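Written out below as structure tokens is the structure these notes cover.
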Amino acid sequence: MLTLRRRSDTWLGVTLILSVTLHLAAFLFFIWLQQRTPDLGKVQTTYYVDVVNLPVASPQTGSPTPAPAAQRQELAAAPQTGPSAAPLPAAPAPAKIEKATPAPTGKAAPTAAKSFQERLAKLQGKADAEREAAALESLRRKVAGGRAGMPGARGSQAGSDYTAYLHSRLKDAFRETISYQTKAPYVLVRLTIDSNGRIIRILFDHSSGDKLFEKSVQRAILLAEQRIVPPPNHSTYEGAFVFKPQGVAQR
Amino acid sequence: MSRITALLLCLSMLCLLPGPAHSASYIEVTAPGNRQLKLAVVPAQPAAGAAAHPELANEMAETEAFDLNMSGLFAAERHDAAPLPQGLGLSVIDYVPWLSAGYDYVIRGEYALRSDGLTAEFRLFDVLGKKQLLVKRYIGQAKDLRYFAHAFCDEVLGTLTGEKGAFTSRLIYVSSQTGHKEIYIMDWDGHNTQQITRNRSITISPDISPDGREIIFTSYKRGNPDLYKRALSSTVDVPISTRRGLNITGAWSPDGTKIALALSKDGNTELYTINRDGSAPTRLTVSHSANVSPAWSPDGSKIAFVSDRMGRPQIFVMDANGGNVHRLTTNGGSNFNPAWSPKGDKIAYTHQSGSFQIYLMNADGSGNTQLTTVGRNERPRWSPDGRLLAFSSERSGSDSIYVMRLDGSGQTKVSHTTGQNIHPVWTPRR
Amino acid sequence: MRKESKGLMIALGLVAMMAAGCAKEEVVKQDEPVVPQQTVKQAEPAQPAQPAAQQQEQKQEATASDEAAANALETVYFDFDKSDLRQDARDALSKNAEVLLKKLADAKIQIAGNCDERGSDEYNLALGDRRAKSAAKYLETLGVKADRISTISYGKEKPAVQGHDESAWAKNRRDDFVIVK
């Protein structure tokens, strides 16, 4: 700052303006990309949905043995250390698995029940489109020069994994509560989760204004809260999520 | 030195840049489908010390379930449950059974029928959130019980969707039950039907003032099709337009000051506006053809109407002063009965090519969607909340009044009168 | 008033004489392709037969117009969604004009425009209005004074025959001529 004031260098000004505009352009491009395509995080989450949820997710559709017990536990008592706690520490996987995704799930499959196979097939179908988009996106990033690399990956490994875990939990819950009355509703939410796994803050950043949809998001978060484990390392977690209906509205 | 500073600055910006980008990168959570919220309506329990009248409680519960189902947002059903031992006010609701039964919301109530009338209280509970969302108490007579239920459902929709329901609205319509076409009124679900006019003539095309107090209609009671006005609280028809020829299809402007109607006093059937007392006719359309069925946009700035100026009858739109006319329907066939949605974004109408069917389009004429397919269906009209359309249908023999959702689902016959039942119009909420 | 009733009496007498003998044949003989006059006239009162009350509406017509006199005026038929006069309509109107100028020289008539059940009822009111007016205009060009003619439209409210096929529709797209006082 001092140097700046002392020397009124025109070069500096030009460079500064140039760099600002360049960065602004890069910044806008990045935002544009973000809006157009799902970001890298999705790939991880897709992968995570399969593995993390294997023993406990969607108890209604789950394998017959653990289902009733798990369900009761999740409905009545909230987030003790349920069976969901187990896979989490085991799961932390390398952050950048993209093409590797099918491999671990493939290995996991034979050990699981039939219902899992069906679920997997369903998820796979849905995930394929997302994966493709994500792959394209990462390619585009490489071409763009890597400057706008995935910022989320830079944080602590555990953090991004917890995001993925939370995402899968929210998605499961959202499936059970989603309801809306307008065409393309969305809600941007910021969640803060304390070291005990309690959601201590739900901040609605922005909403398309569909109150019914807002309520369903709220309920999804409430529902997810009953099923999540605390963030790793006794830390507080903060994450931002956008809730949207999938595909075209159908009744 | 300056270069280095600049570089540093740039670098620091580089570090900063991903910052906002990071916080703006929301992780997408999506889910398929659009769930109907599962809602249990528990028949109200008698208040402490009050006698039990299960028939009243059941009727209120059934009414609520029917209303909420028709909204399309809920899968609502009556669900009997043990009464709360401490009464509605003091008891602690045990949400767990409702949760495990898969309900999102529960409505419970309490009532007391005494010599001085009926009191009812309803409460809406959020099962997942484990909290009470809404409490309403209604005081009236035993005959008001359906109104109580409708009024509470209006509030339930308001609480859960941000937009009140319109179940306290009623339907005005024309029935030939007595052998003559006369004006009737009923609750939106077909209950409490009452005959309004007794003209023993042809009485058609009712419309209601925005304040819900007065209706206008066309009647041949004096020979000529004249436009009459009548306060709903009265039995006197006041002639307000008795000009030679047709005085038909009166439509009250949204601000209540004017009435648009079709007159044939000058030769063709043309559209005019008159004051609410019938004075000061102002001609809107100039054509060599028939112009009927004006429909105001909710802001009163535009009027959609039917004209055959280009051959077969089509829907046109113009400014409320008659300027800027253009055609809206170009889908072939004939098109009638435009009705502007309360939000102003859509127009419902009747399309005829072979059969008569109800269609929906955007107010600019784009995006035509067919809503009905069975039988002959005519004359859609919007509920005040814009969630439902009433129309007449011949599908079950003679014309009856039906109600449906905007996507064409939930088509339900509501009128109980015999003969021809046509020309439904929603009143404002009560 | 007295003048009118006198005229009516004369007309009545004339028509009664005709009715006794050749009226029916005459009606049949007309090359009216659509429907014989007689059936239409019978069908109309028969249609709203269910309640006695509908008669009230027609009372003014019924009392004012003698049936026989009314029969002297032919119904005019139209094409779908049209109000222009076909050749057969013009022929019928010419005959009606003749009756109005000679036999019923003092009578005032009301032309009632009607439509088939297709089309919206509101639009059909306008269409019926146009049909009545086009017949009125034609009668005027044939010399019937305008102040003797009034028009009314019933749209599709008063079908001559019930039915949902072209033969019924064709009979309902019509102008009725009613003698009023």
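Source: prediction; values computed, not measured. Here is how names work: the chains are called A, B, and so on, in the same order as the sequence lines, proteins then strands, and each is numbered from 1. Only this structure's heavy atoms are used, side chains among them; waters, hydrogens and symmetry mates stay out.
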Residues 121-129 of chain B: residues contacting chain A (heavy atom under 4.5 Å, by number): Asp126(B), Leu128(B), Gly129(B)
Minimum heavy-atom distance Pro32(B)-Ile178(A), with the two atoms named: O-CG2, 3.7 Å
Within 6.0 Å of NZ in Lys302(B), more than 12 heavy atoms from elsewhere: no
Atom of His167(A), atom of Val29(B) and distance for their closest heavy-atom approach: CD2-CG2, 3.7 Å
Contacting moiety of Val217(A), where chain B heavy atoms sit under 4.5 Å: neither
Spacing of NZ belonging to Lys244(A) relative to OG1 belonging to Thr30(B), to within rounding of 0.5 Å: 9.0 Å
Lys136(B) atom NZ, over 12 foreign heavy atoms within 6.0 Å: no
Side-chain donor or acceptor of Lys171(A) paired with backbone N/O of Glu28(B) under 3.5 Å: no
Pairwise side-chain contact, Ser179(A) with Asn34(B), heavy-atom cut-off 4.5 Å (strictly under): yes
Exercise: identify the closest heavy-atom pair between Arg175(A) and Arg35(B): O-CD, 3.9 Å
Most chain B-contacting option - heavy-atom pairs closer than 4.5 Å, from Glu214(A), Arg219(A), Gln218(A), Lys215(A): Arg219(A)
Interface residue of largest heavy-atom contact number with chain B, from Thr177(A), Val242(A), Leu222(A), under 4.5 Å: Val242(A)
Over all atoms of both residues, closest heavy-atom pair of Leu73(B) and Tyr180(A): CD2-O, 4.5 Å
Spatial distance of atom CD1 (Ile27(B)) from atom CG (Leu191(A)) [nearest 0.5 Å]: 10.0 Å
Interatomic spacing from NE2 in His206(A) to OH in Tyr26(B) - rounded to 0.5 Å: 9.5 Å
